[in-house]
**Q** 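Sharing a structure here in structure tokens format.
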Protein chains: 2
Amino acid sequence: MQELYDLFLKTGLRPFAFMSDTLHLEQNVTRSDLSTLLILLFRGDLPMSELAAEMGAPLSSMTSIAKRLERKGYIARAASVQDQRVKLVTLTQEGRQLAKQCEQIIMAMLSRLEAAFTPEEMEQFTTLLFKAARVFQDGGAITLKETKSRPMKIKIEE
Amino acid sequence: MQELYDLFLKTGLRPFAFMSDTLHLEQNVTRSDLSTLLILLFRGDLPMSELAAEMGAPLSSMTSIAKRLERKGYIARAASVQDQRVKLVTLTQEGRQLAKQCEQIIMAMLSRLEAAFTPEEMEQFTTLLFKAARVFQDGGAITLKETKSRPMKIKIEE
DNA sequence: CCTCTTTAGTACGATTTCGTAGTAAATGTT
DNA sequence: AACATTTACTACGAAATCGTACTAAAGAGG
């Protein structure tokens, strides 16, 4: 148990640090930027608010990130026809390409896992990890009377 | 496998977001600040550079964080006697107290895990998690000829 | 001793993140 | 239809982060 606490501590600043160290493909891209592109690649076009939720970031931060990415030509934003308020975010060709490069690197890391684990271990690991993630998510409000609904770090829908 | 990639994506911006949502004990404390205090509580007094390594942050960021924490009275820094260059960082009484409150919350979350898992699952989970962390750490340099030695997100010694 | 290099940290400016305060479109409510 | 409310987002300023350039102490070689 103490070991887990220890491991927990090691999740310090700079999530994805290892990735952008590896990924000096395009120098001028933030970790958040990459993260955003990956989400769009995986989930398809999304409104700003859903994107922010996926990122675990406040909407105002998402605005900044989206502005950067738009300026750099990796995404495009267009108002939805049904609802003029929602801005649909879409990957451009360059954006999609960069995201795919990044995806490959992640996939390479994951396949390292597959190489290191037996299929049973892999199965176990995935199952337990999801179970744990669910506990952490639902357990967020332990000592709190009323949690303000807010973007959380890890969200698992069933 | 696709599931793991999905889970991977969800580790967006704001690590520890859930914690400082829960932890509105002291309003005026950053996630990095808390993280720092926890590391000091767990590891004891440390020089700036080791602290930065534990945090997975560059030394210059650590300087900023330490300055904040010192100003707020949670840590103290003193030059080592053997080596005037190293500044030993120590928790003050207030710092230790805050860190302990924070630790309790984490421990509460971890005991939720223990409640949700059987002892075997717990054992399995811990083992696999460490194994995975090791793979990710060593595997950081997949596509790279030469990785600059740099603070990484997850470090497992052993 | 006197350089030369390495190690440990700080300073500073540029960029990023985020809370608060807006705006404007959609959705009630009467 | 005239309003209030809610929803989806942006603007802006304050704070946090981090790369680069520095300083100063320790150690090395002659």
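All chains are named by letter (A, B, ...) in the order of the sequence lines, taking the proteins before the strands, and each is independently numbered beginning at 1.
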**Q** Using the closest heavy atom to pick a nucleotide of DNA chain C for each, name whichever of A:Asp33 or A:Ser60 lands nearer the 5' end.
**A** A:Asp33
**Q** Backbone N or O of B:Gly95 within a donor-acceptor pair of the B:Thr92 side chain at under 3.5 Å?
**A** yes
**Q** Taking CG from B:Asn28 and C1' from C:dG19, how many angstroms apart are they, rounded to a whole number?
**A** 15 Å
**Q** Checking only heavy atoms, does the side chain of B:Ser49 share a donor-acceptor pair with the base of C:dG9 at less than 3.5 Å?
**A** no
**Q** Dot-bracket, 5' to 3', for DNA chain C please: Watson-Crick or G-U pairs under 3.5 Å, [ ] where pairs cross earlier ones, | where the partner sits on another strand, dots elsewhere.
**A** ||||||||||||||||||||||||||||||
**Q** Does B:Lys67 have a side-chain nitrogen or oxygen under 4.0 Å from the phosphate oxygens OP1 or OP2 of C:dA11?
**A** yes
**Q** When you compare the side chain of A:Met109 with that of A:Ile106, does any pair of heavy atoms fall below 4.5 Å?
**A** no
**Q** Kindly indicate whether the side chain of B:Phe42, heavy atoms from C-beta on, has any atom under 4.5 Å from the side chain of A:Gln2.
**A** yes
**Q** Rounded to whole angstroms, how far apart are CG on A:Leu51 and P on C:dC18?
**A** 14 Å
**Q** Verify the contact: side-chain N or O of B:Arg77 to OP1 or OP2 of C:dA8, cut-off strictly under 4.0 Å; return yes or no.
**A** no
**Q** Compare side-chain N and O positions of A:Ser61 against OP1 and OP2 of C:dT17 and report whether any pair is under 4.0 Å apart.
**A** no
**Q** Is the distance from OP1 or OP2 of C:dT15 to the nearest side-chain N or O of A:Arg31 less than 4.0 Å?
**A** no
**Q** Can you list the steps and then say if A:Lys131 with B:Glu121 is a salt bridge (charged side-chain N to carboxylate O under 4.0 Å, His left out)?
**A** CA-CA 10 Å; A:Lys131 195 167 170 182; B:Glu121 282 180 332; 3.2 Å; yes
**Q** Does anything in residues 82-91 of chain B come within less than 4.0 Å of DNA chain C? Heavy atoms only, and list the residues if so.
**A** B:Arg85, B:Val86, B:Lys87
**Q** Can you give me the closest heavy-atom contact between B:Glu103 and A:Tyr5, atom names plus distance?
**A** CG-OH, 3.5 Å
**Q** For the pair made of CE in B:Met55 and C1' in C:dG9, what is the distance, rounded to whole Å?
**A** 17 Å
**Q** Report yes if the side chains of A:Leu4 and B:Met122 come closer than 4.5 Å at any heavy-atom pair, otherwise no.
**A** yes
**Q** Return the value, rounded to whole Å, for the distance between atom CZ of B:Arg68 and atom C1' of D:dC18.
**A** 13 Å
**Q** Using atom types as modelled and distance alone, determine if a side-chain donor or acceptor of A:Ser80 lies under 3.5 Å from a backbone N or O of A:Lys87.
**A** no
**Q** Can you tell me how far C1' of D:dT10 sits from CD1 of A:Ile65, to the nearest Å?
**A** 14 Å
**Q** Send over the distance from A:Met62 CE to D:dA11 P, rounded to a whole Å.
**A** 15 Å
**Q** Round to a whole Å and report the spacing from CG of A:Leu59 to P of C:dT17.
**A** 14 Å
**Q** Does B:Met62 belong to the same Ile/Leu/Val/Met/Phe/Trp/Tyr cluster as B:Val86, with side-chain heavy atoms less than 4.5 Å apart forming each link?
**A** no
**Q** Using atom types as modelled and distance alone, determine if a side-chain donor or acceptor of A:Ser35 lies under 3.5 Å from a backbone N or O of A:Arg31.
**A** no
**Q** Ignoring the backbone of A:Ser64, work out which of D:dT17, D:dC18, C:dT17 is nearest its side chain.
**A** C:dT17
**Q** When you compare the side chain of B:Gln97 with that of B:Gln101, does any pair of heavy atoms fall below 4.5 Å?
**A** yes
**Q** Tell me: CD of B:Glu70 to C1' of C:dG9, nearest whole Å?
**A** 13 Å
